[in-house]
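Heads up: the structure comes next, in structure tokens.
Excluded from the calculations below are hydrogen atoms, water molecules and symmetry mates; all remaining heavy atoms, backbone and side chain alike, are included. Residue numbers begin at 1 in each chain, while the letters A, B, ... track the order of the sequences.
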2 protein chains.
Amino acid sequence: MARRNQHSKEALRELALDAVQRIAERDGPHIVSARKVAHEIGYAPGMLYHLFENIDDLILQANARTVMMLTDTLRQAIQRKKPINAVLAMASQYLALAQQNSRRWQLLFEHAMRNDVPVPSWYQHQTDTLFELVEQQLALLAPEKSSKDVTLAARSIWSAVHGVCLLAVTGKLDVGGPVQAPKIVESLVRHYLLGWTLEK
Amino acid sequence: MARRNQHSKEALRELALDAVQRIAERDGPHIVSARKVAHEIGYAPGMLYHLFENIDDLILQANARTVMMLTDTLRQAIQRKKPINAVLAMASQYLALAQQNSRRWQLLFEHAMRNDVPVPSWYQHQTDTLFELVEQQLALLAPEKSSKDVTLAARSIWSAVHGVCLLAVTGKLDVGGPVQAPKIVESLVRHYLLGWTLEK
DNA sequence: ACCTGAACACCGTTCAAGT
DNA sequence: ACCTGAACACCGTTCAAGT
């Protein structure tokens, strides 16, 4: 038993990455395992190790798809908007996406934690793109600021928004209250930008 | 084999919780397991299940200690300070603690993710205390604001600070740069509060 | 060349049985 | 009453061997 070759190596990779997301969404992110993924696509567990370095690599590549989806969505959200509204739209779109596909985002957030090894550079580069999108808008908003200030502000805003999305998706935000995550995101961006633009 | 009774049930609980933190700090948070903890304190794995519901309960109780340490530290940090400086001090203390004991905080952040079951109320209550500390300062800072506004602002700030601490501890913040987490935290709190107090 | 399946070293959890 | 140790159902990962 061996040698079926029904799928090309590339097709097999896609199959496996699809399976990761399907299992995460159907059964929960903590259910995803190499054995489950292999079973889901009808192969032996060992096969996966010809396509991926290890289980972390597999999940990381699945998460890279999620980040790509986010980046595409945010690019759309910016269109034709003035800087402040563009940043507000990016932030609220991030939250909306995370809430709509919460298990997929839990997989991403969860995996972001267990990093003994630093994330590979190709993944880092993808997340950098998000920061750059924010930076672009901030540069438009406050042309008089130094690029150093813009970078710092972009990281501040995006880290903050990220924090809210994470708490929202993992259910840590509604401390005896309804879903007010969108309000928190808006409050954050609006007040920060107001303070930032007025400074000095 | 059985029946040693060298330790009271309570002493045994403390021993186990100490072991969790020791293993997390010594070998890394992902190394912590029921079997490792039992071995560390010289008992059989099954014994732990007389003291704790399951491995999540064990880790959660260890994390509760970390939160308690944070709360105590923040209470100290507030002393004799004006509201804005108090909030700044709380935020930077949070970051400092998380960076000093990064593996312990990784254990906390990591575990916050895998919540199929919502966190128990005794734990929720502990984290609520943190929000209340921030709320108190904001109420002093802007007495004219409604308590609803204060609550929203407190959650915004603390979620944001939490986001930065999390990214900092997991090494996701230094995108081609040095350790500037403290600057980000300060920028966040200062600009948010400036915008928030000037509003309306 | 491509994939299997068995093996190894781990998990969390339960529970009859020993003292 | 307190704890063990073996068992069960899982993991991730490797790799000789089958086609």
Within this structure, what is the NE2-to-C1' distance between A/H30 and C/dC11, rounded to whole angstrom? 15 Å

If you look at every strand shown and take non-hydrogen atoms under 4.0 Å, does B/I31 touch a base, only sugar-phosphate, or nothing? nothing

Would you confirm whether B/K172, through its side chain, and B/L166, through its main-chain N or O, come within 3.5 Å as a donor-acceptor pair? no

Please tell me if B/K36 has a side-chain N or O lying less than 4.0 Å from either OP1 or OP2 of C/dC10. no

Test: B/E40 and B/R35 ion pair at under 4.0 Å: no

Can you tell which of D/dT4, D/dG12, C/dT4 lies closest to the side chain of B/Y43? D/dT4

In whole angstrom, what separates B/E53's CD from C/dT13's P? 10 Å

Test side-chain contact (heavy atoms from CB on, under 4.5 Å) on A/Y94 and A/L130 and set out the steps. CA-CA 11 Å; A/Y94 182 11; A/L130 290 179; over 6 Å; no

Atom pair distance, as rounded to whole Å: NE2 in A/H39 and P in C/dT4: 12 Å

For the pair made of CG in A/L15 and P in C/dC3, what is the distance, rounded to whole Å? 11 Å

When the distance from NE2 of B/H111 to P of C/dG12 is rounded to whole Å, what number comes out? 11 Å

Side chain of B/R35 only, please: which of D/dA7, C/dG5, D/dC3 is the nearest? D/dA7

May I ask you to decide if B/S187's main-chain N or O and B/H191's side chain share a donor-acceptor pair within less than 3.5 Å? yes

Any sub-3.5 Å donor-acceptor pair from A/E135's side-chain atoms to A/V150's backbone N or O? no

Take atom CG of A/L48 and atom P of C/dC2, then tell me their distance rounded to the nearest Å. 16 Å

Determine, answering yes or no, if A/H50 is stacked on C/dC2 under the 5.5 Å centre rule and the 30° plane rule. no

Between C/dC2 (C1') and A/E10 (CD): distance, integer Å: 16 Å

D/dG12 - base-pair partner by Watson-Crick or wobble geometry, distances under 3.5 Å: C/dC8

Re C/dG18: Watson-Crick or G-U wobble partner, both distances kept under 3.5 Å, found to be D/dC2

Which atom names give the shortest non-hydrogen contact between B/A24 and B/L107, and what distance separates them? CB-CD2, 4.2 Å

Reckon B/L12 touches a base, only the sugar-phosphate, or nothing at all at heavy-atom distances under 4.0 Å? sugar-phosphate

Among D/dG12, C/dG5, C/dC11, which nucleotide has an atom closest to any side-chain atom of A/A44? C/dG5

OP1, OP2 of D/dG12 versus side-chain N and O of A/S33: anything below 4.0 Å? yes

Between D/dT4, D/dT13, C/dT13, which nucleotide gets closest to the side-chain atoms of B/I55? C/dT13

A/K9 NZ to C/dC2 P, straight-line distance once rounded to whole Å: 7 Å

Just compare C/dC3, D/dC3, C/dT13 and give me whichever is closest to any side-chain atom of B/N54. C/dT13

Side chain of A/Y49 (C-beta onward), nearest among D/dT4, D/dT14, C/dG12: D/dT14

